[in-house]
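In what follows, chains carry the letters A, B, and so on, assigned in the order in which the sequence lines appear, proteins first and then strands, with residues in each chain numbered from 1.
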There are 2 protein chains.
Amino acid sequence: MTSTASLHEFCARRGDVATPCRHCGAREFNICQALDAAQQDKLLALATRLQLGKRERLFAAGDPARHVYNLTEGAVSVSRSLADGRRQILGFLLPGDFLGLEPGESHHCDAETLTEAKVCRFERTTFETFLQDNPEVALRLLRIASSDLAQAARHELLLGRKTAVERIATFLLDLRDRSGARHLRTHPLALPMTRSEIADYTGLTIETVSRVLGRLRSGKVIELVGASAVRVLDDEELERLSGAS
Amino acid sequence: MTSTASLHEFCARRGDVATPCRHCGAREFNICQALDAAQQDKLLALATRLQLGKRERLFAAGDPARHVYNLTEGAVSVSRSLADGRRQILGFLLPGDFLGLEPGESHHCDAETLTEAKVCRFERTTFETFLQDNPEVALRLLRIASSDLAQAARHELLLGRKTAVERIATFLLDLRDRSGARHLRTHPLALPMTRSEIADYTGLTIETVSRVLGRLRSGKVIELVGASAVRVLDDEELERLSGAS
DNA sequence: CCGGGCGTTTGATCCTGCTCAAAGCGCGCC
DNA sequence: GGCGCGCTTTGAGCAGGATCAAACGCCCGG
């Protein structure tokens, strides 16, 4: 069951999520950091839990933005495409991550699962009412949005100014940092996305992604464990190659 | 007085700012859209007004994030750089725009004026208290942050997947849309940024920026008015060349 | 009115990463 | 356990944009 394996891999929690992985229950939303138990229950009462398959779409650009979501299990890609099909992946979301907030009436990007996934879905209107009644959640969400903006800035720097090797090195380090520290050295780092998705995240082609990974492998910086896992052998070298901002 | 001229050019208001330009007074902050007159006065009482010169730095990456700002006059660039000096400009800010919000304790990017500028500065702690007491402002700010994220997404698509011509065409159209509609056809569009800054925004080099602008000019799509203004002659063609998302 | 400096334009050449092509291989299905 | 499809790797050649270099021109100060 490879999909389950990588799904578990991705239950590894982000740094700012306090509680350990209990199969990524809803109380571990990033937005719940600001809430006491009673408020958490109130919020959870508003949620619809959804189980999604692999490569299932949550929403597409242009869809009316009726819901917001919180990922609790699995991994999701968020992307935006040109009319001719060229695609830019904006980010990969992991459990705890929040998505779907829009300034206007419709979604401005696509969201699709990479693995099987579970999300909690909220009616946008209901959620906004909850925010009005719970300002500390609104502030927490503001902090999350600021954090997303800072990540977007790093990604813009990667896309606009980094070389292919720097992009891949940065991508691997990001993924490593966001996955649980318990996996390092022991387990290899899971790559639930295809080469095509790595390419669309880094602004490269699949061939270049493959070649760069190959070069890192022959340079003993990483070890490829099948096509969808990597073990980092030389952290310092990878850091150096990433062109640390 | 070229700097004053382009400063006025840039007082042209954004679409979502209701009131017309009265030399960009503080009541026209984007965040003020959510406030009644009494709340506006309360907010303004917390502000320090600053007058800034050309190419003056508001803050740099790594600086402790002690303040947030609202631009009221002039133009500002927000950027992020690598250790070796490669720079990516994340965006150009116009009057009404808000900046400086951070998820952590320090700024993650640089902000610098392009022209002479005026800003209202708030102590971060004071401002956060105000947000707690005025949830509708927090929600307004959340909407602004979402809008910034959507803009960042468009920029990532530009940097990762668009050709040189598409990047420049998109840049010109963005700038046109954000400047006041009253300038179109009549006045040319002011470019308060240098070629180097356009290059750092579009992820190109100054030579490529210059060449692409030259090609657009010989194709009668635009007309260059000196080096720091452009008149759009053929909107439809420019739109087509931008690879509309 | 002239001279200097910086930002911009233009030209020639180079190189990184893309395109096109084909072989390899791992996974899932039967 | 074997087969076939789709993802990945590898190779050869190409091109878009970068780099290096030099001329232009605008703005400002003297």
Side-chain angles (χ1 to χ4, degrees), chain A residues 1-6 53-55 84-88 114-116 158-169 171 188 190-218 222-230 241 243, chain B residues 1-6 54-55 82 84-88 114-115 158-169 171 190-218 222-230 241 243:
Chain A
M1 268 16 42
T2 6
S3 70
T4 312
S6 64
K54 219 168 165 165
R55 313 280 153 192
D84 62 9
R86 280 174 288 171
R87 178 176 66 160
Q88 179 60 51
L114 297 176
T115 61
E116 290 173 7
L158 178 149
L159 293 170
R161 290 300 183 214
K162 288 193 177 181
T163 65
V165 173
E166 288 169 341
R167 294 179 197 207
I168 295 297
F171 162 71
L191 302 175
M193 61 293 284
T194 64
R195 293 292 181 271
S196 170
E197 285 156 341
I198 299 175
D200 285 346
Y201 178 75
T202 53
L204 301 169
T205 59
I206 53 172
E207 294 93 333
T208 300
V209 169
S210 182
R211 272 185 257 271
V212 169
L213 286 174
R215 222 182 309 160
L216 290 176
R217 189 197 42 192
S218 36
I222 62 172
E223 181 182 349
L224 293 175
V225 184
S228 53
V230 176
L241 291 173
Chain B
M1 251 95 312
T2 6
S3 69
T4 312
S6 62
K54 219 168 166 166
R55 312 283 152 189
L82 294 172
D84 62 8
R86 280 175 288 171
R87 177 177 66 158
Q88 179 60 51
L114 297 176
T115 62
L158 179 149
L159 292 170
R161 290 302 183 212
K162 288 193 178 182
T163 65
V165 173
E166 289 169 340
R167 292 179 197 208
I168 296 297
F171 163 71
L191 302 175
M193 62 291 285
T194 63
R195 294 291 181 272
S196 170
E197 285 155 342
I198 298 175
D200 285 347
Y201 178 75
T202 53
L204 301 168
T205 59
I206 52 171
E207 294 94 332
T208 299
V209 170
S210 182
R211 271 186 259 271
V212 170
L213 286 174
R215 224 182 308 161
L216 291 177
R217 191 197 40 190
S218 34
I222 62 172
E223 181 183 349
L224 293 175
V225 184
S228 51
V230 176
L241 291 174

**Q** To the nearest Å, give me how far apart CZ (R55(A)) and C1' (dG6(D)) are.
**A** 12 Å

**Q** Separation of L191(B) atom CG from dT8(C) atom C1', in whole Å?
**A**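 About 13 Å, once rounded to whole Å.
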
**Q** Grab the NZ-C1' distance between K54(B) and dC27(D) for me, whole Å please.
**A** 11 Å

**Q** Between T202(A) and V212(A), is any pair of side-chain heavy atoms under 4.5 Å apart?
**A** no

**Q** Between atom CG in L204(B) and atom P in dT8(C), what is the gap in whole Å?
**A**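 Distance, rounded to whole Å: 15 Å.
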
**Q** Check whether the side chain of R167(A) and the base of dG17(C) form a donor-acceptor pair under 3.5 Å.
**A** no

**Q** So what does T194(A) touch, heavy atoms closer than 4.0 Å: a base, only the sugar-phosphate, or nothing?
**A** sugar-phosphate

**Q** Expressed as a whole number of angstroms, how long is the span from K162(B):NZ to dG17(C):P?
**A**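 Between P of dG17(C) and NZ of K162(B): 22 Å.
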
**Q** Under the 3.5 angstrom rule, does the side chain of E223(B) hit a backbone N or O of R217(B) as a donor-acceptor pair?
**A** no

**Q** With a non-hydrogen cut-off below 4.0 angstrom, is S210(A) in contact with a base, only sugar-phosphate, or nothing?
**A**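 It contacts base atoms.
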
**Q** Run through T205(A), T208(A), V209(A) and flag the one making a side chain to side chain contact (heavy atoms under 4.5 Å, CB included) with R195(A).
**A** V209(A)

**Q** Is any side-chain N or O of R211(B) under 3.5 Å from a base N or O of dG11(C), one able to act as donor and the other as acceptor?
**A** yes

**Q** Please report the distance, rounded to the nearest Å, between CZ in R86(A) and P in dG16(D).
**A**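 About 13 Å, once rounded to whole Å.
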
**Q** Would you confirm whether Q88(B), through its side chain, and D200(B), through its main-chain N or O, come within 3.5 Å as a donor-acceptor pair?
**A**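 Looks like yes, one N/O pair under 3.5 Å.
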
**Q** Taking atom P of dG24(C) as reference, at what distance in whole Å does atom CD1 of I206(A) sit?
**A**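 The answer, rounded to whole Å, is 18 Å.
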
**Q** Please state how far atom CZ in R195(A) lies from atom P in dC7(D), giving the value in whole angstrom units.
**A** 12 Å

**Q** Is there a donor and acceptor pair closer than 3.5 Å between the side chain of R215(B) and the base of dT9(C)?
**A** no

**Q** Just to be sure I understand the rule, does R217(A) reach a base, reach only the sugar-phosphate, or reach nothing, if contact means heavy atoms closer than 4.0 Å?
**A**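 The answer is sugar-phosphate, as R217(A) gets under 4.0 Å only of primed atoms, P, OP1 or OP2.
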
**Q** Is the phosphate of dG17(D) approached by T205(B) (side-chain N or O, under 4.0 Å from OP1 or OP2)?
**A**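 No, T205(B) has no side-chain N/O under 4.0 Å of OP1/OP2 on dG17(D).
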
**Q** Between T163(A) and E207(A), who's closer to the 5' end of DNA chain C by nearest nucleotide?
**A** T163(A)

**Q** Under 4.0 Å, heavy atoms only, any strand: does L213(B) hit a base, just the sugar-phosphate, or nothing?
**A** nothing

**Q** Minimum heavy-atom separation for L114(A) to P192(A), with atom names?
**A** CB-O, 4.2 Å

